Visitor: 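Right, I'll just put the structure down here and ask away after.
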Amino acid sequence: MERKYNPHEIEPKWQKYWEEKKIYKSDVDKTKEKYYVLEMFPYPSGRIHIGHVRNYTIGDVVARTKKMSGYNVIHPMGWDAFGLPAENAAIEKGIHPAKWTYENIKNMKQQLKRLGFSYDWDREIASCRPEYYKWEQLIFIKMLEKGLAYKKKSSVNWCPSCNTVLANEQVEGGECWRCSSKIETKELEQWFFKITAYAEELLDWCDKLKGWPEKVILMQKNWIGKSYGCEIDFPLADRDGKITVFTTRQDTVFGATFMSLAPEHPLVSELCKGKPEEKTVIDYVAKSKNLTPLQRQMAEYEKEGVFTGSYCINPFTGWKMPIYVANFVLAEYGTGAVMAVPSHDERDFQFAKKYNLPIVVVIQPKDKELDPAEMTEAYTEQGYLVNSGPFNGLFNEEAKEKIARYIEDKGWGKKSINYRLRDWGISRQRYWGAPIPIIYCDKCGTVPVPEKDLPVILPEDITITGKGRSPLAELESFVNTTCPKCGGNAKRDTDTMDTFVESSWYFLRFASPRYDKGMFNPEEIDYWLPVDQYIGGIEHAILHLLYSRFYIKVLRELGLLKFDEPFSNLLTQGMVCMESYRCEEHNYLLPEEVKDDNGKRVCGKCGKEVIVGRVEKMSKSKKNVVDPDDLVNNYGADTSRLFCLFAAPPEKDLDWSERGVEGSYRFIQRVWRLFYNWIEHFETPQERAMPEVSDKNAREIIRFTHKTIKRVTDEAVNKFHFNTAISAIMEFVNFLYTITDVKNYEIKLSMRYAIQHLIILLYPFTPFVCEELWAEMGFKETLYFEKWPVYNPEFIQDEIITIVVQVNGKVRGRFDFPADTPEKEMEAQITADEKLKQYIKGEIKKIIWVPKKLVNIIC
RNA sequence: GCGAGAGUGGCGGAACUGGCAGACGCGCUGGACUUAGGAUCCAGUGGGCAACCGUAGGGGUUCAACUCCCCUCUCUCGCACCA
């Protein structure tokens, strides 16, 4: 009686076995080369989603193949446990964020275990525990000492729905990255990390991160946004003082006809004071302050502003330039002031047209002559300087350098570099986060909590209403404290740190998760870090990855680390997408509510044809969500894993398909049946040696086995092309199915060898079923400790080769030859062939060989 | 607007460094076994009766182009008044 494949029987068994034997435990072993595989740790939202399954399956295959290839692998998992959803749950359901978080962790951990991931759970961490955040509070204080953390009043991005501040990186198109509410601006005292101090280094290292996708590197470079230019001083016309601008186009300075200031520019109120324009200007500034960043963006194309009543002098031309306040000038970038060159800047051109300001051409293209009166848009291309005094005739790129030097010689300004990157604001007016270890004393001012008093523990006796101030600010017992310096009454900072601070260093903590003398044990860090392979979603291309890089540089600066970059190699996996179905009557439908009617998909309730949505991101409202638990309940963990790996290459988006999942399930069953077709015919199934065989078919089995080892190794182990690696294994299985001679002794030996290797090669992808079959063969040791097979180049040589024959570049036939036939001889046979002769017209001019593959006959 | 990437059967996707386009899977068609088949196994499956034509479209280089070069179109992603 053939045994049926039942994942629900074998998977829990092996999960328990792996756990009890602690086979995934990792320890420092200096005799072995280490390999640190890490997937981005999840936020404990309650349940894992299919994207997690994909992410962690990829990581698991990497971990297992590296382990089998001889590395000492560390593969940890933990929880990014602070964050807003815990507080929202508290507001909605009345559960304490801590309780909610720890329960979610418990559930999700169970879900991860079911999927058979090879985590060393002894290293598990949760970032909301005081043993964890204590160390980032300590680093905060050290950063404060070094001037890398500072407090300033600034206008910040405020999410009215989350009731908190967001970093620039967390604002997407004027909306909150989490809840998509429209962002407002607010003036607040905030703590900042001085990431701009590392702008140059972060940029510099971008080019050294060879193991990162180009795309991510580019996004980071753009985010840092380095530009070369000049700062130029424009003296005020009728009084002392000057306006300094930053420009990258100093080559156009002779064309600067007016000046534009950001509404927030500090000189604005002074410049209009006592002028007839004063009231207009004050009103305009007030109006623009009230605008949200989104509203500002809406006004994208409408450039507008007001005249301040004052003038400054263009030092190059001596012109009196009217000073405007303009809505398109950003206070945060450069100096908040722009010299306006309408002829060669699109925004300045529009502004000049609107307010009738002079336009002077200073750069002429080669092929035509620009006339300011006839221009309909600014000329922003390259060209030659005109109207530019001693610089006339120069190519503008050349002029940039010359004018920059001229500016410095004259003392009118200097060369300058500007970055788009801003400092990282980390204060959050929320409860569920790491408290900022700062005390405010009336006498001593801002005082850091002394190291011996750390951690500042987040109090748990708290009620969360979601209304009013931050919950911590309401809690007297937390707020009121004594000053560590003078002992007098003092108050604590009631903000918590951005949760991105926790995720900026968690991968360090994994090296020594229980260490209590510091952030980490230096010896363990020396051995395990940096992370060799990091895997996660592209959505973190800027935020988390940039912050982590910065944090490592800070820790290095503090003398705690010796390396420069946290992640040597990065794999950004694609999203999991799925079709959505919508019925006009019944809105979005679950897949099982959709029926098939002659190839048309109709609503199961009313029979109307459904609208099939573009394959898009899964979302609960569109009912196109796959619950990993259902998947595992239906098909088992092996099938779930296999499908995620097979359906698409890891970095591409994956289209979810129930049919595809069934296909993966079928394949596992096919392997299962193949195994049971043969196992009873093997007299000594545990014999490992490669058999010496002479039978043609038996030799072919050995050859195919070695070819498959090569393909799977190249594709999966070296290139992370898991989809093609699996297809190679499928081809192998298809081939083995063609062998049916169970009585032939040599074939039996070869099949035993082939099936052993099939199980080993498949193991990283579908570990449960492979362990089961391996044990069925009589092996006692888990496959986790098995060595990854190595192919022998001698064994993959074909005895017979097929030569594709082209005539004038078109395929006209194929011929089989023994592999060692000389080319001349093959040529003779091919050209003598009757069928081929009809294509060869006239004299053969040339014969081109691709050795052992193809021949092209030119005539 | 700027920057990057991608366009290959009915679908997801293969194709090393320029050398048989469509591997593998899904779907579909036919057959076998069956009381039954939505199980399993076997065969077929880019288009066209054919010569031939086919990798978004057009041109080029080459004995040979999905692959290299030029132009055009479409889609996706990122940034978005950055001076």
Side-chain angles (χ1 to χ4, degrees), chain A residues 172-174 213-223 225-227 229 245-250 252 256 260 262 296-297 299-303 326-330 332-341 344-348 350-351 380 418-422 538-539 541-542 574 599 615 642-643 646-649 652-664 666-667 669-670 673 711 714-715 719 721 723-734 737-738 802-814 845-851 853-859:
Chain A
E172 292 169 352
E214 287 280 333
K215 185 185 168 143
V216 176
I217 291 292
L218 205 73
M219 280 166 76
Q220 294 219 345
K221 280 186 178 176
N222 289 341
W223 192 262
K226 182 179 187 177
S227 22
V245 304
F246 171 74
T247 182
T248 57
R249 292 300 306 273
Q250 62 273 14
T252 64
S260 308
R296 274 199 172 196
Q297 270 184 14
E300 189 171 346
Y301 296 108
E302 191 55 40
K303 310 279 178 270
N327 65 345
F328 62 88
V329 182
L330 302 173
E332 319 88 77
Y333 186 77
T335 60
V338 181
M339 68 172 202
V341 184
H344 306 293
D345 181 281
E346 198 45 51
R347 297 151 299 183
D348 297 342
Q350 288 175 27
F351 198 88
T380 55
N418 242 281
Y419 298 92
R420 213 191 76 115
L421 186 71
R422 320 263 161 77
I538 185 79
E539 65 272 21
I542 295 173
V615 174
L642 191 66
F643 177 72
F646 179 62
K652 286 188 75 171
D653 285 350
L654 183 156
D655 292 333
W656 190 260
S657 142
E658 194 71 19
R659 301 275 199 193
V661 177
E662 279 165 21
S664 296
R666 257 202 298 274
F667 171 69
Q669 283 184 305
R670 220 166 127 72
R673 273 196 306 274
R711 285 178 69 189
D714 286 349
E715 296 293 323
K719 290 192 261 175
H721 293 176
N723 55 330
T724 47
I726 291 165
S727 74
I729 298 175
M730 286 172 167
E731 283 179 60
F732 188 35
V733 171
N734 290 346
Y737 259 91
T738 65
T802 301
I803 299 296
V804 173
V805 180
Q806 295 182 334
V807 178
N808 289 331
K810 290 197 169 151
V811 178
R812 296 300 186 188
R814 48 201 78 207
K845 289 184 192 135
K846 209 172 166 188
I847 294 180
I848 293 157
W849 273 95
V850 180
K853 263 190 186 167
L854 178 142
V855 63
N856 193 3
I857 299 165
I858 316 302
C859 55

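Since the structure is predicted, the reported quantities are computational estimates derived from the model, not experimental observations. Per chain, numbering begins at 1; letters A, B, ... match sequence-line order.
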Visitor: How about F351(A) and F328(A): are their ring centres within less than 6.0 Å of each other?
Guide: yes

Visitor: Strictly under 4.0 angstrom, non-hydrogen atoms only: write out the protein contact profile of nucleotides 24-29 of chain B, one letter per nucleotide from the 5' end, B, S or -.
Guide: BSSS--

Visitor: Tell me, please, which residues at least two apart from F246(A) pass ring pair (Phe, Tyr, Trp, His ring centres under 6.0 Å).
Guide: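 In terms of ring pair (Phe, Tyr, Trp, His ring centres under 6.0 Å), with neighbours along the sequence ignored, F246(A) is linked to no residue.
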
Visitor: Under 4.0 Å, heavy atoms only, any strand: does D348(A) hit a base, just the sugar-phosphate, or nothing?
Guide: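 Nothing, no heavy atom under 4.0 Å.
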
Visitor: Taking atom C1' in both rC42(B) and rU61(B), compute the distance separating them and give it to the nearest angstrom.
Guide: 47 Å

Visitor: Checking all strands, does S260(A) fall into the base, sugar-phosphate, or nothing category for heavy-atom contacts under 4.0 angstrom?
Guide: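 Result for S260(A) = nothing.
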
Visitor: Under the rule syn = chi within 90° of 0, otherwise anti, which is rG9(B)?
Guide: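 rG9(B): syn glycosidic orientation.
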
Visitor: Check salt bridge (charged side-chain N to carboxylate O under 4.0 Å, His left out) between K719(A) and all other residues, then give those that pass, not counting sequence neighbours.
Guide: E715(A)

Visitor: Would you say the side chain of K303(A) and the base of rC81(B) hold a donor-acceptor pair, judged only by whether the two atoms sit under 3.5 Å apart?
Guide: yes

Visitor: Which residues pass the salt bridge (charged side-chain N to carboxylate O under 4.0 Å, His left out) test with D348(A), sequence neighbours left out?
Guide: none

Visitor: For L218(A), report the nucleic acid contact type (base, sugar-phosphate, nothing); a contact means any heavy atom under 4.0 Å.
Guide: sugar-phosphate

Visitor: Indicate, with a heavy-atom threshold strictly under 4.0 Å, whether N723(A) touches base, sugar-phosphate, or nothing.
Guide: sugar-phosphate

Visitor: The criterion is salt bridge (charged side-chain N to carboxylate O under 4.0 Å, His left out); which residues satisfy it with E662(A), sequence neighbours excluded?
Guide: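 For E662(A) there are no salt bridge (charged side-chain N to carboxylate O under 4.0 Å, His left out) partners, ignoring immediate neighbours.
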
Visitor: In whole Å, measure the gap between the P atoms of rG3(B) and rG54(B) for me.
Guide: 34 Å

Visitor: Treating a pair as Watson-Crick (purine N1 to pyrimidine N3 plus N6-O4 or O6-N4) or G-U wobble (N1-O2 and O6-N3) with both distances under 3.5 Å, list the stems of 3 or more consecutive pairs that involve RNA chain B.
Guide: B:1-7 with B:73-79, B:10-12 with B:24-26, B:27-32 with B:40-45, B:56-60 with B:68-72

